[in-house]
Amino acid sequence: MSHAERHGLERHGLDRLNSAAPGAAEAALLACCGSRRWARHLADLRPYPDLRTLLRTAEHIARALGPADLAEALADETVPQHLFTGSGRAASRGSPGAPPSPATEAARRALRRAHAAYEHRFGHVFVLCLDGCRPDEALDRSLASLRVRLAAAPADEAAVTAAELSRLARGRLARLAPDTPPVRPHTLRPCGPQQARPGGT
């Protein structure tokens, strides 16, 4: 069960987030970005008229975060293990359910080494937003991005990391607080003339 689900904020989208108690709203927002300053500020500025305003406000707050805030957010991120195993969203390249090819296994080993090198060089986990990326492309895209960013200067990589954190938060917010509530199934009624209820007039 996700952090948002534990607080019941997924059921009614943006309306639910707007009406939630401050502590519950902040806790759910922390699941989108691990900076307490970001989550608290975003919760304090409720209510939001629509998702677009929420996302725009979140990006504005993110741009004002300092190094300590970003370090706190990064400490809450984890390496997506499905990239190494092929389970979940990042399936093996090739036919679904087929054993991984030698090329896929080699790419996974290279990805592990690149992650370790990145954390050794920059002192924090590598973050990359893969929203919109096809599952069978996630491994290659992650490895290519890692190789490029490993060669970046620390200041440049810090800026890229902050932007990726913001993109991750944006996608999570959109899933947490959509404008439109989930559609509930309607009760099916029989076709044709309605029958009078027993005992009715």
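Using a 4.0 Å cut-off between charged nitrogen and carboxylate oxygen, Asp50 and Arg52 do not count as a salt-bridge pair.
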Taking only distance into account, with no hydrogens and no angle test, what donor-acceptor pairs under 3.5 Å do side-chain atoms of residues 19-28 form with protein atoms, sequence neighbours excluded?
{"residue": "Ser19", "atom": "OG", "partner": "Asp15", "partner atom": "O", "Å": "3.0"}
{"residue": "Ser19", "atom": "OG", "partner": "Arg16", "partner atom": "O", "Å": "3.3"}

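The environment of Arg121 atom CZ is dense: over 12 non-hydrogen atoms of other residues, nucleotides or ligands sit within 6.0 angstrom.
A distance-only check finds no donor-acceptor pair linking the side chain of Glu119 to the backbone of Val125 [under 3.5 Å]. The main-chain N or O of Ala144 is never found under 3.5 Å from a side-chain atom of Arg147 such that the two would form a donor-acceptor pair. Side-chain atoms of Tyr48 come within 3.5 Å of backbone N or O of Leu42 as a donor-acceptor pair.
Atom CG of residue Leu74 and atom SG of residue Cys33 lie 9.0 Å apart, to the nearest 0.5 angstrom. The CZ atom of Arg141 sits 12.5 Å away from atom CG of Asp136, with the distance rounded to the nearest 0.5 Å. Taking CG of Leu146 as the start and CZ of Arg112 as the end, the distance is 13.0 Å to the nearest 0.5 Å. The CD atom of Glu72 sits 10.0 Å away from the CG atom of Leu70 when rounded to the nearest 0.5 Å.
Contacts of Ser166 classified as side-chain contact (heavy atoms from CB on, under 4.5 Å), with partners at least two apart in sequence or in another chain: Glu59, Ala62.
Looking at Arg63, Arg37, Arg40 one by one, the single match for salt bridge (Lys or Arg N to Asp or Glu O under 4.0 Å) with Asp69 turns out to be Arg37.
Val148 and Tyr118 are not part of a single hydrophobic cluster, where members link through side-chain heavy atoms under 4.5 Å apart.
A heavy-atom distance below 4.5 Å is found between the side chains of Ile61 and Thr57. At least one side-chain heavy atom of Leu111 sits under 4.5 Å from a side-chain heavy atom of Phe84.
Among all heavy-atom pairs drawn from Arg149 and Val127, the shortest one is NH1-O, 2.9 Å. Closest approach of Ser35 to Leu65, counting heavy atoms only: OG-CD2, 3.8 Å.
Thr161 and Glu157 are linked by a side-chain donor-acceptor pair at a separation below 3.5 angstrom, with hydrogens and angles left out of the test.
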